[in-house]
Every structure is written in C-alpha cells, then in structure tokens.
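One structure below.
Each ligand, and each atom within it, is numbered from 1 in the order the structure gives. In this chain, numbering begins with 1 at the start of the sequence shown.
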Amino acid sequence: MRIQWCEDAISFDTHAAGFVLDLLAGRPEAVVALPTGGTPAGMYARLRAAGAVNPALFSRARWFDLDEYVGLGASHPLSFAHFLHVHLFDAIAPQPAQVRLLRGNAADIETECRDYDQAIESAGGLDLAILGLGANGHIAFNEPGSPWHLTTHGVELSEQTRAANAAWLRTTEDIPGLGLTMSIATLRQARNILLLVSGDSKRWALQSLLAGVEDPAWPVTSLIGHPRLTVVASAQLRSVGD
Ligand code: PGA
C-alpha cells in the first residue's frame, strides 16, 4: 500500500486526478470504476479541466460506477448516474459504448446485477477502481458485515450511510433505503485501486485499514494486501498512521 498524505484540498484533488491521468496516459483504453460523494468532487473538476485542454485523454476509456440507489433512474437528481453526468460525462462526452452505469430503476434487479457483472467481465475487468470511504468503513455500498465473496448485489443501506449521503447531496428528500453495489470481490480484483479519504469522520475507518488486520466489520480492510493500492488521504488524519 502506498499512502499519499495531502496537506490541503488542492494537493488532495491534484494527487487524485494525477493518479487517474497517469494511468490513462499509460493505458488510454483503461476500464475504470467511478465513485460518487463529496470526496471526489475536486478530482472530477480537475479531470474535466484536463479533458477541456486535451479531449483525446478520455476518448478510449471505459467507465463503470460503483453503486446506485434502487428505484432511481439516471435522470433522477439524487441518482449517482446523474452525479457522474454532472461531474464528468457532460464535460468529457463519452460515446454511449464507453459507459455502463448501474440501472437503479431496472425492472429486474437480479438480472441487472448479472448483466453488470457480465459487462465488467466483457470489458476485461477493472484496470482501476476509484473508491471513497464511508465513516463506517464501507467501500462502494458494501456495508459493515456484508460478505466479501458476492458479485454485484442489492443491499440495505445503513442509517449512517443514508444520513451522510443526504448531507453531501444537500437534500431533505428521503434517501432510498436500498442500493446496488459492485462487490468487494470485484473491487479486490481491480488491477489498481485508488482510495480517497478526507474528512474527520473517516478517522476510524482509515485506522482500521492502517491497522492491517482484515475485519468484516470494516469493509475497507478487505483491501489489505492488494498489490496496487494507493491511498490519497488528508494529512489531518495522519495521526492515525503514525
Ligand atoms: P463522501 O462519501 O465522499 O461523501 O464522504 C464516501 C463514501 O460513502 O463512499
């Protein structure tokens, strides 16, 4: 595991975006799983800026998302698909064949999950999974205690996760109680993982990772031992690593 401590938001966003741009420079056709949340917003701003200067940067990449709310279609303002359009796709304008996002409003959720796994497999698996971190240690929507061996699946979201998401989405609307998520097994198979950690509420979750002991109560510990795990973390959390 490589950890990059960042003193401020500019450094954090620059390192996060730089990692993605470096990977795409070496592998323009990379298959990338994208996060939503407050943490990656600055990274997306930098990616949009890079794409404005050089639109060819993203012309061959393929994009998936980590998770979605059950019941919400891509046009719903609270959907993660909507978030990714606003923060990235509207600016870099990928071809439809370059993007496969989870369909939260699919008529048959089970079939949607199997189709999604099939699409990831057909793309050759993930070259990069970019992850945020939940205060409770979740990665994507893999909540504490969830099995690590599953494929893409539906999950019941914790109250903590729903409240945190309502806060960054700045909404008073009810956040759905069910989600779809890429599995821990899929994430662990990604050839590179970039984990973004900022905010005081993530202190204990980051601590669980740095402690180096796998623990199903802290899903992020499933990443321990991954051969190409890079963590970009705000330096205010550094004491947990000392
Ligand atoms: P956040 O969410 O970036 O809004 O803190 C992270 C996550 O829940 O994965």
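Checked by atom type and distance alone, the side chain of E143 pairs as donor or acceptor with a backbone atom of S158 at under 3.5 Å.
Environment of CD in E29: crowded, with over 12 heavy atoms of neighbouring residues, nucleotides or ligands closer than 6.0 Å. Residue-environment remark: CZ (R228) stays at or below the threshold of 12 foreign heavy atoms within 6.0 Å.
Interface of G37 with ligand 1, defined as ligand atoms under 4.0 Å from a residue heavy atom, comprises 3 (O), 4 (O). Atoms of ligand 1 lying under 4.0 Å from any heavy atom of H138, numbered from 1 in the order shown and given with element: 7 (C), 8 (O), 9 (O). Counting atoms of ligand 1 from 1 in the listed order, those under 4.0 Å from a heavy atom of K202 are 1 (P), 5 (O). Near G38, with a cut-off below 4.0 Å to any heavy atom, the atoms of ligand 1 are 1 (P), 3 (O), 4 (O).
Between F141 and Y69, the ring planes are tilted. Angles from 30° to 60° get that label. Ring planes of W168 and F83: perpendicular class, angle over 60° (limits at 30 and 60°).
Considering backbone and side-chain atoms together, T39 places an N or O closer than 3.5 Å to an N or O of ligand 1.
Between M1 and L195 the shortest side-chain heavy-atom distance does not fall below 4.5 Å.
Counting only heavy atoms of the protein, atom 6 (C) of ligand 1 lies nearest to L133 O, 3.5 Å.
Contact annotation for L131 and ligand 1: no heavy atom of the residue comes within less than 4.0 Å of the ligand.
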